[in-house]
Amino acid sequence: MTDAAAIRPQDRASTPRPRRLPQGLLKWVGVAPFLIFAALFLILPTLNIVVGAFQTREGGFTLANIAGLFRPEIARPFWVSIQLSFATATLGCLIGIILAAAVTRGGLPKGLRDGMLTFSGVASNFAGVPLAFAFIATLGRLGLVTVIAKEVFGVSLMGLGFNLISFLGLTLTYLYFQIPLMILIITPALDGLKREWREAAESLGATGWQYWRMVAIPILWPSLLGTLALLFANSFGAVATAMALTGSSLSIVPIILFAQIRGDVLQDPYLGYAIAFGMIVITGIANIIYIVLRTRAERWLK
């Protein structure tokens with residue numbers, strides 16, 4: 001009889017087995033790093049900003065910091081940022097949907113669609129100092145396009161009133177990443193338009209324009225409004241590009257907040273908390289609108 005056979009059943013039962021993690025705990029192991037990262041770098045800093053916006057230097061409660069947002073030197077940059085964000089979001093939506101519709105519904109070669117989506121994925125994340133430098137080298141005072149327009153065509157962009165370090169210049173720069181982001185978001189919605197809907201419209205005598213105006217656009221409307229809100233939030237929170245391009249010559253909220261964090265201008269950290277809190281509220285509302293409208297749009301396109 002072998003040694004294994006000699007082991008009695010009660011001895012086997014008494015042999016300790018390796019302990020296993022509970023089934024429910026295993027489900028959270030993979031997502032734990034994300035939750036820890038979100039807590040440390042998103043949730044806790046946000047809570048610290050919200051609490052600081054309603055605190056005095058001594059730690060007491062106050063509304064003076066929030067009231068400081070309505071001072072002219074703070075309220076004006078907020079208004080400029082809202083105008084800039086709305087302009088870039090609107091233009092980004094209009095131009096983006098035209099380009100996306102051309103490559104998805106215009107009968108263009110598939111390779112052009114793939115190339116545009118690939119470029120959009122890269123360009124939508126291309127921002128900050130590299131983007132600002134690219135526009136300065138292209139449309140600045142000694143930029144390539146500026147020099148060619150003056151020496152070849154005799155047209156002075158500066159003489160026409162164009163200045164890259166201005167509201168218009170910053171709008172053009174932001175469109176470089178706003179339009180590709182619109183293309184990436186709206187393309188799946190355009191792909192969700194069923195061919196049967198167009199065939200039904202054409203069988204009833206509708207033209208292409210009538211189909212888009214009476215069928216496609218109403219179905220895409222929640223997606224369009226939701227993407228508009230997302231582009232607004234995306235532009236409202238951009239700081240590196242504006243800081244590198246305009247410096248302090250154009251007062252928008254991210255630049256004011258950046259100066260506040262450095263302590264070079266306002267030197268009131270709790271007012272800085274209030275400015276950041278105001279930005280969180282505005283971008284939060286925009287993102288909530290995007291999520292709600294996106295959910296509604298997905299129900300239509302299923």
Side-chain angles (χ1 to χ4, degrees), residues 76-77 79-104 106 108-109 111-187 224 227-228 230-256 258-259:
R76 192 179 304 109
W79 178 237
V80 174
S81 293
I82 291 174
Q83 289 178 308
L84 177 66
S85 301
F86 184 77
T88 58
T90 302
L91 292 174
C93 282
L94 291 176
I95 300 173
I97 192 174
I98 292 174
L99 295 175
V103 297
T104 57
L108 297 175
L112 184 60
R113 170 194 168 113
D114 295 339
M116 178 172 290
L117 291 178
T118 301
F119 171 78
S120 297
V122 175
S124 61
N125 293 285
F126 184 69
V129 176
L131 179 60
F133 175 77
F135 268 81
I136 292 173
T138 304
L139 292 172
R141 290 182 177 275
L142 298 177
L144 179 64
V145 174
T146 304
V147 172
I148 291 177
K150 186 174 183 178
E151 295 184 356
V152 178
F153 301 100
V155 177
S156 173
L157 297 181
M158 299 297 175
L160 295 176
F162 175 78
N163 184 9
L164 185 62
I165 309 176
S166 64
F167 183 92
L168 176 59
L170 193 57
T171 299
L172 292 176
T173 306
Y174 277 20
L175 287 178
Y176 185 88
F177 57 79
Q178 292 283 70
I179 294 174
L181 182 59
M182 174 64 180
I183 293 174
L184 291 176
I185 295 175
I186 205 64
T187 295
L224 292 174
T227 308
L228 178 69
L230 180 63
L231 294 182
F232 179 92
N234 187 50
S235 175
F236 193 84
V239 59
T241 302
M243 192 70 190
L245 185 67
T246 65
S248 59
S249 61
L250 184 64
S251 293
I252 59 176
V253 175
I255 293 179
I256 295 296
F258 179 78

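The chain is numbered in sequence order, starting from 1.
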Please say whether more than 12 non-hydrogen atoms of neighbouring residues, nucleotides or ligands are located less than 6.0 Å from CZ in Phe167. yes
Using every non-hydrogen atom in the two residues, find where Leu172 and Phe162 come nearest and quote the distance to one decimal. CD1-CE1, 3.6 Å
Stepwise side chain to side chain contact (heavy atoms under 4.5 Å, CB included) check, Leu164 with Thr173: CA-CA 9 Å; Leu164 185 62; Thr173 306; 4.2 Å; yes
Donor-acceptor pair, Thr187 side chain versus Leu184 backbone, under 3.5 Å? no
Can you check whether Val103 reaches Leu117 side chain to side chain, under 4.5 Å on heavy atoms? no
Quick one: pull up CG in Asn125 and OG in Ser120 and give me the separation to the nearest 0.5 Å. 11.0 Å
Would you confirm whether Thr146, through its side chain, and Leu142, through its main-chain N or O, come within 3.5 Å as a donor-acceptor pair? no
Please report the shortest heavy-atom distance between Ile179 and Gly92, naming the atom on each side. CG1-CA, 4.0 Å
I want to check something: taking the side chain as every heavy atom from C-beta on, are Met182 and Ile97 in contact at a cut-off of under 4.5 Å? yes
Out of curiosity, Ile95 CD1 to Thr88 OG1, how far, rounded to the nearest 0.5 Å? 11.0 Å
Under 4.5 Å between any side-chain heavy atoms of Leu250 and Ile165, yes or no? no
At their closest point, which heavy atom of Ile252 faces which heavy atom of Ala242, and how far apart are they? CD1-CB, 3.5 Å
Which value, rounded to the nearest 0.5 Å, describes the distance between Leu144 atom CG and Ile148 atom CD1? 4.0 Å
Kindly say whether Phe236 contributes a backbone atom to a donor-acceptor pair with the side chain of Ser81 at under 3.5 angstrom? no
A side-chain contact here means heavy atoms from C-beta on lying under 4.5 Å apart; do Thr246 and Ile255 qualify? yes
Looking at side-chain heavy atoms only, is the closest gap between Tyr176 and Thr241 below 4.5 Å? no
Taking the side chain as every heavy atom from C-beta outward, state whether Met243 and Pro254 have any atom pair closer than 4.5 Å. no
Calculate, to the nearest 0.5 Å, the distance between atoms CD1 and OG1 belonging to Ile183 and Thr227 respectively. 12.0 Å
Work out which heavy atom in Ile186 is nearest to a heavy atom in Ala100; give both atom names and the distance. CG2-CB, 3.5 Å
Measure from the side-chain N and O atoms of Thr90 to the backbone N and O of Ala87, and report whether any donor-acceptor pair falls under 3.5 Å. no
Give the C-alpha distance, both sets of side-chain angles, the deciding distance and a yes or no for side chain to side chain contact (heavy atoms under 4.5 Å, CB included) between Leu108 and Arg113. CA-CA 8 Å; Leu108 297 175; Arg113 170 194 168 113; over 6 Å; no
So does Leu231 get a backbone contact from the side chain of Gln178, meaning a donor-acceptor N/O pair under 3.5 Å? yes
Here the pair of heavy atoms bringing Phe232 nearest to Ile82 is CE1-O, 3.6 Å
Search all heavy atoms of Ala132 against all heavy atoms of Ala244 and return the closest pair with its distance. CB-CB, 3.7 Å
Atom CZ of Phe126 with >12 non-hydrogen neighbours under 6.0 angstrom: yes
Drop me the distance from Leu181's CG to Ser235's OG, to the nearest 0.5 angstrom. 11.0 Å
